[in-house]
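Note sheet for the following structure.
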Amino acid sequence: MEKNELEMRWSALEEKCRNCHACPLGDTRTNCVFGTGSRTARLMFVGEAPGEQEDASGVPFVGRAGQLLDRYLYAVDIPREDVYIANILKCRPPKNRDPLPAEEDACIEYLREQVRLIRPEIIVCLGRIAAMRLIKPDFKITQEHGVWFEKGDFALTAVFHPAALLRDPRRKEDMLSDMKKIKERLDSTK
Ligand code: URA
């Protein structure tokens, strides 16, 4: 795709997303949390939905869970600015409840277009909700985290959601080993 066309598609997408009222969350958000990072990233992370701090700032993964994610990225030597980070939902659900299927359906095309524009090699689902949407509906995070799924031009995997690690630190070893595998795969295809 030509640079100009790419830039126009990014601007159109972001503008549409920022003004979106395709579901009721458009009325309650402070900010649309579109996504952040490198638009030429080889690696993309997809979380569930913005929380309170993300809604306030407009940036994904900046709260406690985000800070923990940053620590894992640092531990495996992946600069945050080299990856792209987005969520299934661009607006915060009230009281951080799970996204409703209708909200995901209304929002998923934004993520699809982000993936088409970035064309990452690897997509990492942060937690069960993203994995159930992007990998398979019956995804079991406790059994299938760290497993690779090949889909067309990219590989998909899922890791525990950093908020789940805050609640259950026993998963942290698994998280570190999954993140190491992601870094290895990234390095092996350079
Ligand atoms: N949890 C998510 O799934 N996404 C965010 O952006 C923040 C917390």
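Numbering of ligands and ligand atoms starts at 1, following listing order. Index from 1, following the sequence. The structure displayed is predicted, hence computed values, not measured ones. Side chains included, hydrogens not; waters and symmetry mates left out as well; all remaining heavy atoms used.
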Notebook entry, point to check: Applying a 4.0 Å heavy-atom criterion (strictly less than), which segment of E48 is in contact with ligand 1: side chain, backbone, both, or neither?
Noted result: both
Note to self: Show me which atoms of ligand 1 lie under 4.0 Å from any heavy atom of H161.
What the structure shows: 1 (N), 2 (C), 3 (O)
Notebook entry, point to check: Any donor and acceptor pair, going by atom type alone, linking the side chain of K181 with main-chain N or O of G146 inside 3.5 Å?
Noted result: yes
Notebook entry, point to check: Is the closest heavy-atom distance from Q53 to ligand 1 below 4.0 Å?
Noted result: no
Checklist line | Test of ring centre spacing under 6.0 Å for W10 and Y84 | finding: yes
Check: Is the closest side-chain donor-acceptor distance between R42 and T189 under 3.5 Å?
Finding: yes
Next item on the list: Could you pull out all residues at least two apart from R112 that satisfy salt bridge (Lys or Arg N to Asp or Glu O under 4.0 Å)?
Entry: E109
Check: Is there any N or O on P60 that sits under 3.5 Å from an N or O of ligand 1?
Finding: no
Check: D82 and S38: side-chain donor and acceptor closer than 3.5 Å?
Finding: no
Margin query: Quick check on N87 - does any of its heavy atoms sit under 4.0 Å from an atom of ligand 1?
Written below: yes
Next item on the list: Look only at interatomic distance and state if A49 has a nitrogen or oxygen under 3.5 Å from any nitrogen or oxygen of ligand 1.
Entry: yes
Item checked: ligand 1 to E54 polar contact by distance, N or O atoms, under 3.5 Å -> no
Notebook entry, point to check: Got a sec, which residues hit salt bridge (Lys or Arg N to Asp or Glu O under 4.0 Å) with D98, two or more places apart in sequence or on another chain?
Noted result: R128
